[in-house]
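Quick notes on the structure that follows.
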Amino acid sequence: MNNYFKYLLIFTFLLLLGNWCFGVVSPGEINLKGKWKFSVGDNPAWAAPNFDDSSWEEIYAPENWESQGYRKYDGFAWYRKTITPDKKYANRIIELELGYIDDVDEVFINGVKIGQSGSFPPNFVPEVKSRRKYLVPNHLLNFGGQNTIAIRVYDAMLEGGIIDGNLKLHFQDNNLNFAINLAGEWFFNKGKEVNLNRRTSIIVPGLWENQGFSNYDGYAVYSISFFAPDNLNSEKLIFMAGRIDDVDRVYINGEFVGSTGKYDERIGEDNHLEFRNYFIPDGLIKPGQNNTIEIRVWDERWDGGILEGPIGIITQEKFREYWRSKRRM
């Protein structure tokens, strides 16, 4: 073998080794496999980015905690990891993938909850079989600086923790340019109308079955308040409400703006496959003020809720550009 090929092999090996060591899978990913800070127990303060976890032990993920010194441990535990995403990813669509977790998890980015699978005690509902994928609202990340991922886990029996699968933060090309991005935390309650006494927080998009409402079929309401900037005053606007299972009725500032499917208990159609896009009547959004959106949903069976994004308000011009770019892909 001549020297050229020797140097080429050495360079390739070092490149692969560097990628493995520093967690770089591709230009659009941060590999999260490896050592995480870990502690058994449960404390809401452990979600905070400024919490001092220097005294915590380290364990490897994905791998059950029983094989790493916590044999026969069942109960609560937390994982924490610090990452520094490059500034070049600032305008991407961001997805956090956490493989398979046994039994229930709740995930925070810089102290803000972005998702949950299963239900914690006292209303314990395990969610072992689903692969964890959570949308990360872009504004939550400090690009070019430190960020903390915190994962609260509850295990009832057998294996516990982040047990298998891919762990990565994935940055996808963003062909959307929302005027107002509404992915993230909404209010949610069962029933046909908003109930201030019964509503709780929920992450949108995401199945409601994975967020404490396992096996629920029926009526529910999503609601959110948001501030509209002054520059929207002269724009034609569209509300992109994502893919909803099964039927929806959308209200903005109390006014009905659109629906998909028949809002009753006998559907028999494929409404859950459709992405909702609704034209917002001129003057309905109040720039410089707080505005409200309600999405009333009827789920007939199986998965329920706002399953998939994008979710937000976009100008008509940017909306057309987005779908033209999708046709070219």
Between N253 and E255, is a side chain to side chain contact (heavy atoms under 4.5 Å, CB included) present by the stated rule, with each step listed?
CA-CA 6 Å; N253 290 331; E255 298 291 331; 5.6 Å; no

What verdict does the salt bridge (charged side-chain N to carboxylate O under 4.0 Å, His left out) test give for E106 and K113, after you've listed the backbone C-alpha separation in whole Å, the side-chain angles of each residue and the deciding distance to 0.1 Å?
CA-CA 7 Å; E106 188 175 24; K113 181 177 175 178; 3.2 Å; yes

Evaluate the criterion side chain to side chain contact (heavy atoms under 4.5 Å, CB included) for residue pair F239 and I314; output intermediate values, then yes/no.
CA-CA 6 Å; F239 176 45; I314 193 170; over 6 Å; no

What's the verdict on side-chain hydrogen bond (donor to acceptor under 3.5 Å, both in side chains) for D246 and N271, showing C-alpha distance, side-chain angles and the deciding distance?
CA-CA 6 Å; D246 287 290; N271 297 306; over 6 Å; no

CA sep, side-chain torsions, deciding dist, call: I285, L237, side chain to side chain contact (heavy atoms under 4.5 Å, CB included)
CA-CA 9 Å; I285 296 290; L237 300 174; 4.0 Å; yes

Tell me, with the steps shown, if N138 and I94 meet side chain to side chain contact (heavy atoms under 4.5 Å, CB included).
CA-CA 7 Å; N138 195 281; I94 307 164; 3.7 Å; yes

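Minimum heavy-atom separation, F178 to I313: CD2-O, 3.4 Å. Taking every heavy atom of both residues into account, A241 and I295 meet most closely at CB-CD1, 4.4 Å. In plain terms, the two heavy atoms of D299 and E209 that are nearest each other are OD2-OE2, 4.1 Å. Contact between L32 and K81 at its shortest, heavy atoms only, is O-CE, 3.8 Å. In plain terms, the two heavy atoms of G145 and P85 that are nearest each other are O-CD, 3.8 Å. Scanning all heavy atoms of the two residues, the minimum distance from K286 to G283 falls at NZ-O, 3.0 Å.
Remark: side-chain polar atoms of R132 are not paired, donor with acceptor, to backbone N or O of L98 under 3.5 angstrom. Distance alone, capped at 3.5 Å, is enough to place a donor-acceptor pair between the N189 side chain and the E193 backbone.
A 4.5 Å side-chain heavy-atom check between Y278 and F256 finds every atom pair outside the cut-off. Contact annotation: the side chain of N166 approaches that of K33 to within less than 4.5 Å [non-hydrogen atoms, C-beta and beyond]. P205 places none of its side-chain heavy atoms less than 4.5 Å from the side chain of L307. A heavy-atom distance below 4.5 Å is found between the side chains of F226 and I293. Q289 is not listed as a side-chain neighbour of F227, based on a closest heavy-atom distance of 4.5 Å or more. Residues D105 and Y134 have side chains in contact (heavy-atom distance under 4.5 Å, counting atoms from C-beta outward). Between V136 and I93, the closest side-chain pair of non-hydrogen atoms is not below 4.5 Å. Using a 4.5 Å heavy-atom threshold, the side chains of V297 and Y219 count as separate.
No salt bridge links R243 with E274; every basic N to acidic carboxylate O contact stays at or beyond 4.0 Å. Between E97 and R131, at least one side-chain N (NZ, or NE/NH1/NH2) sits under 4.0 Å from a carboxylate O, which counts as a salt bridge. Salt bridge D53/R80: present, at least one basic N to carboxylate O contact under 4.0 Å. Of the charged side-chain nitrogens involved, at least one lies within less than 4.0 Å of a carboxylate oxygen, so that K168 and E29 count as a salt-bridged pair.
No option in F188, W186, W302 other than F188 meets the ring pair (Phe, Tyr, Trp, His ring centres under 6.0 Å) test with W208.
Cluster annotation: I252 and I238 are assigned to distinct hydrophobic clusters (Ile/Leu/Val/Met/Phe/Trp/Tyr, side-chain heavy-atom contacts under 4.5 Å, transitive). No path of Ile, Leu, Val, Met, Phe, Trp and Tyr side chains, each step under 4.5 Å between heavy atoms, connects I306 with V221, placing them in separate hydrophobic clusters. At a threshold of 4.5 Å between side-chain heavy atoms, the hydrophobic network of Ile, Leu, Val, Met, Phe, Trp and Tyr places I151 and Y73 in one connected group. Follow the hydrophobic side-chain contacts under 4.5 Å out from L135 and you never reach L182; the two are in separate clusters. In terms of hydrophobic clustering, with Ile, Leu, Val, Met, Phe, Trp and Tyr side chains grouped at heavy-atom distances under 4.5 Å, F143 and I114 are assigned to a common cluster.
At a cut-off of 3.5 Å, with distance as the only test, no side-chain donor of Y100 or S130 sits close to an acceptor on the other residue. For the residue pair E185 / S201, a side-chain donor-acceptor distance below 3.5 Å is found, with atom types taken as modelled. Side-chain atoms of N142 and N147 include no donor-acceptor pair closer than 3.5 Å.
Here E235 contributes atom CD and E317 contributes atom CD; the two are 7.5 Å apart, rounded to the nearest 0.5 Å. To the nearest 0.5 Å, atoms CG (L96) and CD1 (I149) are separated by 5.0 Å. One finds the CZ atom of F76 at 6.5 Å from the OH atom of Y154 (value rounded to the nearest 0.5 Å). A distance of 5.0 Å separates CE of M240 from OH of Y322, quoted to the nearest 0.5 Å. In this structure, NZ in K262 is found 13.5 Å from CZ in R249, a value given to the nearest 0.5 Å. The CG atom of N195 sits 10.5 Å away from the OG atom of S223 when rounded to the nearest 0.5 Å.
Residues that satisfy the ring-ring contact (aromatic ring centres under 6.0 Å, His included) test with F38, not counting sequence neighbours, are W65, Y70, Y79. Applying the salt bridge (Lys or Arg N to Asp or Glu O under 4.0 Å) rule to D248 yields the partners R276; only residues at least two apart in sequence or on another chain are considered. When the side-chain hydrogen bond (donor to acceptor under 3.5 Å, both in side chains) test is applied to D282, the partners found at least two apart in sequence or on another chain are K236. With sequence neighbours excluded, the residues forming a ring-ring contact (aromatic ring centres under 6.0 Å, His included) with F108 are W78, listed by chain and number. Every residue two or more places apart in sequence or in another chain was checked for a salt bridge (Lys or Arg N to Asp or Glu O under 4.0 Å) with R199, and none qualifies.
No more than 12 heavy atoms of other residues, nucleotides or ligands sit less than 6.0 Å from atom CG of N215. Residue E308 qualifies as enclosed at atom CD: its count of foreign heavy atoms under 6.0 Å is above 12. Within 6.0 Å of OH on Y251 lie more than 12 heavy atoms contributed by other residues, nucleotides or ligands. Around CD of E58, the count of heavy atoms belonging to other residues, nucleotides or ligands within 6.0 Å exceeds 12.
Geometrically, K190 engages Y216 in a cation-pi contact defined by less than 6.0 Å to the ring centre and at most 45° from the axis.
Y60 belongs to no hydrophobic cluster with other residues, because no ILVMFWY side-chain heavy atom falls under 4.5 Å from its own, directly or through intermediates.
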